[in-house]
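All values below were derived from every heavy atom in this structure, side-chain atoms included, with hydrogens, water molecules and symmetry-related copies excluded.
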Amino acid sequence: MPKMKCRCGDVLSYGEIPCPIEHLFISDTDFDKFVGKIEAENLYSTMKSFLKCPNCNRLWIFWNGFEEEPTEYIQAQ
Ligand SMILES: [Zn+2]
(Lines give C-alpha, C1' and ligand atoms only; values in the text may rest on other atoms or scores of the structure.)
Protein backbone atom coordinates (compact mmCIF):
# COMPACT_ATOMS: atom_id res chain seq x y z
CA MET A 1 0.00 0.00 0.00
CA PRO A 2 1.50 3.37 -0.95
CA LYS A 3 2.32 5.58 1.98
CA MET A 4 4.15 8.77 2.79
CA LYS A 5 5.31 10.41 5.97
CA CYS A 6 3.67 13.69 6.90
CA ARG A 7 5.84 16.47 8.32
CA CYS A 8 4.12 15.91 11.70
CA GLY A 9 5.31 12.33 11.82
CA ASP A 10 2.08 10.61 10.90
CA VAL A 11 2.25 7.99 8.20
CA LEU A 12 -0.38 8.59 5.53
CA SER A 13 -1.29 5.53 3.53
CA TYR A 14 -3.43 6.07 0.49
CA GLY A 15 -4.00 2.70 -1.11
CA GLU A 16 -7.37 1.99 0.43
CA ILE A 17 -10.47 2.09 -1.77
CA PRO A 18 -12.20 4.26 -0.84
CA CYS A 19 -9.51 6.14 1.00
CA PRO A 20 -10.75 8.16 4.01
CA ILE A 21 -7.96 10.76 3.85
CA GLU A 22 -7.89 11.21 0.08
CA HIS A 23 -9.93 13.96 -1.56
CA LEU A 24 -10.50 14.50 -5.25
CA PHE A 25 -10.74 17.80 -7.09
CA ILE A 26 -11.01 19.07 -10.62
CA SER A 27 -10.37 22.48 -12.14
CA ASP A 28 -13.34 24.37 -13.47
CA THR A 29 -11.68 24.38 -16.89
CA ASP A 30 -11.34 20.60 -16.94
CA PHE A 31 -14.85 20.08 -15.63
CA ASP A 32 -16.19 22.39 -18.32
CA LYS A 33 -15.00 19.87 -20.96
CA PHE A 34 -17.62 17.41 -19.71
CA VAL A 35 -21.12 17.76 -21.08
CA GLY A 36 -24.34 15.93 -20.40
CA LYS A 37 -24.23 12.70 -18.42
CA ILE A 38 -20.79 11.90 -17.11
CA GLU A 39 -19.14 8.50 -16.81
CA ALA A 40 -17.77 8.25 -13.29
CA GLU A 41 -14.59 6.58 -14.59
CA ASN A 42 -13.90 9.41 -17.03
CA LEU A 43 -14.44 12.02 -14.38
CA TYR A 44 -12.30 10.10 -11.90
CA SER A 45 -9.35 9.89 -14.28
CA THR A 46 -9.43 13.65 -14.84
CA MET A 47 -9.54 14.52 -11.15
CA LYS A 48 -6.47 15.13 -9.05
CA SER A 49 -5.96 14.08 -5.44
CA PHE A 50 -4.86 15.52 -2.17
CA LEU A 51 -4.37 13.85 1.17
CA LYS A 52 -5.47 15.54 4.38
CA CYS A 53 -3.45 14.52 7.39
CA PRO A 54 -5.88 13.58 10.17
CA ASN A 55 -3.33 14.61 12.79
CA CYS A 56 -2.17 18.09 11.69
CA ASN A 57 -4.62 18.98 8.88
CA ARG A 58 -1.83 19.54 6.38
CA LEU A 59 -2.84 19.05 2.78
CA TRP A 60 -0.53 17.21 0.42
CA ILE A 61 -1.64 18.03 -3.09
CA PHE A 62 -0.62 15.79 -5.95
CA TRP A 63 -0.83 18.36 -8.75
CA ASN A 64 0.84 16.00 -11.20
CA GLY A 65 -0.35 12.58 -10.11
CA PHE A 66 1.11 10.19 -7.57
CA GLU A 67 4.31 9.74 -9.57
CA GLU A 68 5.56 13.16 -8.53
CA GLU A 69 6.16 14.61 -5.08
CA PRO A 70 3.10 16.34 -3.60
CA THR A 71 3.10 20.00 -2.57
CA GLU A 72 2.62 20.72 1.13
CA TYR A 73 -0.03 23.19 2.34
CA ILE A 74 -0.47 24.13 5.97
CA GLN A 75 -3.36 25.90 7.59
CA ALA A 76 -2.67 29.51 8.59
CA GLN A 77 -3.53 30.25 12.21
ZN1 LIG B 1 0.42 15.63 9.57
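- Interatomic distance, NZ of K33 versus CG of N42, reported as 13.5 Å (0.5 Å rounding).
- Closest heavy-atom contact between D10 and C53: CB-SG, 4.0 Å.
- Of all the heavy atoms in S13 and I21, the pair that sits closest is O-CD1, 3.8 Å.
- The shortest heavy-atom contact between F34 and L43 is CZ-CA, 3.8 Å.
- When the side chains of ILVMFWY residues are joined at heavy-atom separations under 4.5 Å, either directly or via intervening members, L12 and F66 end up in a single hydrophobic cluster.
- Within the 3.5 Å criterion, the main-chain N or O of N57 finds no donor-acceptor partner in the side chain of K52.
- We find the NZ-CG distance between K48 and N64 to be 6.0 Å, quoted to the nearest 0.5 Å.
- Using cut-offs of 30° and 60° for the angle between ring planes, the F25 and F50 rings count as tilted.
- Between L59 atom CG and Q75 atom CD the span is 8.5 Å, to the nearest 0.5 Å.
- Residues F31 and I38 meet the side-chain proximity criterion, which asks for heavy atoms closer than 4.5 Å.
- We find the OG-CG distance between S27 and D32 to be 9.0 Å, quoted to the nearest 0.5 Å.
- Applying the salt bridge (charged side-chain N to carboxylate O under 4.0 Å, His left out) definition to pairs two or more places apart or across chains, those involving residues 57-72 are R7-E72, R58-E72.
- Considering only heavy atoms from C-beta on, W60 stays 4.5 Å or farther from T71 through its side chain.
- Taken to the nearest 0.5 Å, the CD1 atom of I74 stands 6.0 Å off from the SG atom of C56.
- When every heavy atom of F62 is checked against every heavy atom of M4, the shortest pair comes out as CZ-SD, 4.1 Å.
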